[in-house]
Number of protein chains: 2
Amino acid sequence: MPDAPSKPSLRLSQFLPYRLSVLSNTVSRNIADLYDREFGISIWQWRVMAVLGENSGITATEIGQVTAMDKVAVSRAVSGLLDSGHIARRASKEDARRAILTLTAKGKEVYDQIVPIALGAERDLVESLSPDEQAQLAALMEKLARAAEPDRPLW
Amino acid sequence: MPDAPSKPSLRLSQFLPYRLSVLSNTVSRNIADLYDREFGISIWQWRVMAVLGENSGITATEIGQVTAMDKVAVSRAVSGLLDSGHIARRASKEDARRAILTLTAKGKEVYDQIVPIALGAERDLVESLSPDEQAQLAALMEKLARAAEPDRPLW
DNA sequence: ATAATATAGTTTCATATGTAACTAATTTGC
DNA sequence: GCAAATTAGTTACATATGAAACTATATTAT
């Protein structure tokens with residue numbers, strides 16, 4: 001007699017979305033603590049600074065596009081960074097709705113300090129992987145990202 | 001003349017913690033919408049139900065250990081599921097502080113409906129990967145999880 | 001030129017989440 | 001046997017987050 005169709009089962013600890021979520025939250029919490037302890041900067045604020053560090057003089061909307069943050073999150077992060085003097089804002093000449101954002105001298109200093117810390121945290125995470133495995137990981141994540149969000153921009 | 005040491009640079013879109021976070025949030029949001037639309041159940045509530053579905057009659061603390069939720073999150077999820085009648089609670093005979101949790105008939109019904117939906121969502125995510133790649137992914141995630149949280153329990 | 005529509009960014013409000021304080025029951029050390 | 005320390009779970013409070021409403025400017029259509 002053929003086997004009865006076995007009831008599909010779900011073991012949470014083997015369920016990819018669950019594992020992804022736990023892993024990501026652990027990693028993010030570790031890193032957030034790092035930035036916060038040393039510099040009083042949140043993950044969202046750091047994302048804004050990271051984009052400005054590479055690409056100064058862009059607007060909040062553009063930052064949102066690059067960082068996958070919604071405009072409210074960007075607005076709040078920007079507001080905090082203005083208060084703390086890490087970034088500066090000036091109105092765009094062409095369009096008064098837009099605000100051009102740049103790192104201040106203080107912001108650049110902090111940026112230059114955080115970059116190696118961030119890269120170090122990433123290295124700690126992947127150093128147990130061989131270069132081959134690291135490449136696999138990048139490729140797999142790219143595929144998953146596309147599957148999760150089909151209309152995602154390609155970078 | 002040898003090259004000057006190049007300043008370490010960080011491209012956010014290539015930074016693993018960032019990519020993990022964006023991917024995980026996208027996947028979680030998709031799934032949360034699914035459970036919520038059809039059953040009015042949050043991700044946290046689903047995690048509790050998922051554990052009880054495999055392993056009935058355990059306590060909130062044990063659920064917390066298995067699901068990587070803190071006790072407050074478990075308490076809130078349990079409270080919601082009691083209200084909605086998906087789970088039931090009785091005091092433990094041996095230790096009156098402990099509460100034994102089980103799925104109700106209604107809870108089992110919903111559980112049996114959600115399992116295939118969850119597995120389907122997982123399949124949608126990984127179906128673009130070959131079986132080999134799926135195995136690689138699982139192995140890589142396991143290594144990363146261990147690197148991120150060295151004292152993590154092994155399952 | 002002007003009314004209607006769209007866009008950039010902020011504010012408001014309702015809800016989610018994390019930390020710490022709390023209650024009640026149990027275990028430990030003496 | 002009892003005070004002190006632990007443990008299970010809940011509640012309270014402060015902060016974070018997301019959705020929708022809002023303000024100001026710019027663009028489009030007539």
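Only this structure's heavy atoms are used, side chains among them; waters, hydrogens and symmetry mates stay out. Order of the sequence lines fixes the chain letters, A, B, ..., with proteins taken first and strands second; residue numbering starts at 1 for each chain.
- Taking atom CE of residue B:Met69 and atom C1' of nucleotide C:dT17, one finds them 11 Å apart after rounding to whole Å.
- OP1 and OP2 of C:dT10 both lie 4.0 Å or more from every side-chain N or O belonging to A:Ser79.
- In this entry the distance linking CZ of B:Arg29 with P of C:dA16 reads 16 Å, nearest Å.
- At the phosphate of D:dG9, neither OP1 nor OP2 sits under 4.0 Å from any side-chain N or O atom of B:Ser75.
- For the 3.5 Å distance criterion, the side chains of B:Ser21 and A:Arg47 qualify, holding a donor opposite an acceptor.
- Rounded to an integer number of Å, the gap from A:Lys71 NZ to D:dG18 C1' is 12 Å.
- At a cut-off of 3.5 angstrom, the base of D:dG18 holds at least one donor-acceptor pair with the side chain of A:Arg76.
- Close to D:dA16, at under 4.0 Å from its OP1 or OP2, lies no side-chain N or O of A:Trp44.
- Straight-line distance from the CD1 atom of A:Ile41 to the P atom of D:dA16: 15 Å, rounded to whole Å.
- Residue-level contact check: B:Ala99 touches the backbone only, with heavy atoms under 4.0 Å from sugar-phosphate atoms and none from bases.
- Each of A:Ile63, A:Thr59, A:Ile58, A:Val74 was scored for a side chain to side chain contact (heavy atoms under 4.5 Å, CB included) with A:Leu101, with one residue passing: A:Ile63.
- Between B:Leu82 atom CG and D:dT10 atom P there is a gap of 8 Å when expressed in whole angstrom units.
- At whole-Å resolution of the value, CD1 in B:Ile43 and C1' in C:dT17 are 15 Å apart.
- Grouping the Ile, Leu, Val, Met, Phe, Trp and Tyr side chains by contacts below 4.5 angstrom, directly or via other members, places A:Leu81 apart from A:Ile100.
- Residue whose closest nucleotide on DNA chain C sits further toward the 5' end, between A:Arg98 and A:Val72: A:Arg98.
- Nearest-nucleotide mapping onto DNA chain D: of A:Ala96 and B:Val78, the residue sitting toward the 5' end is B:Val78.
- Dashed line: the shortest gap from a side-chain N or O of B:Arg89 to OP1 or OP2 of D:dT10 is under 4.0 Å.
- Within 4.0 Å (heavy atoms only), A:Ser42 reaches no atom of the nucleic acid at all.
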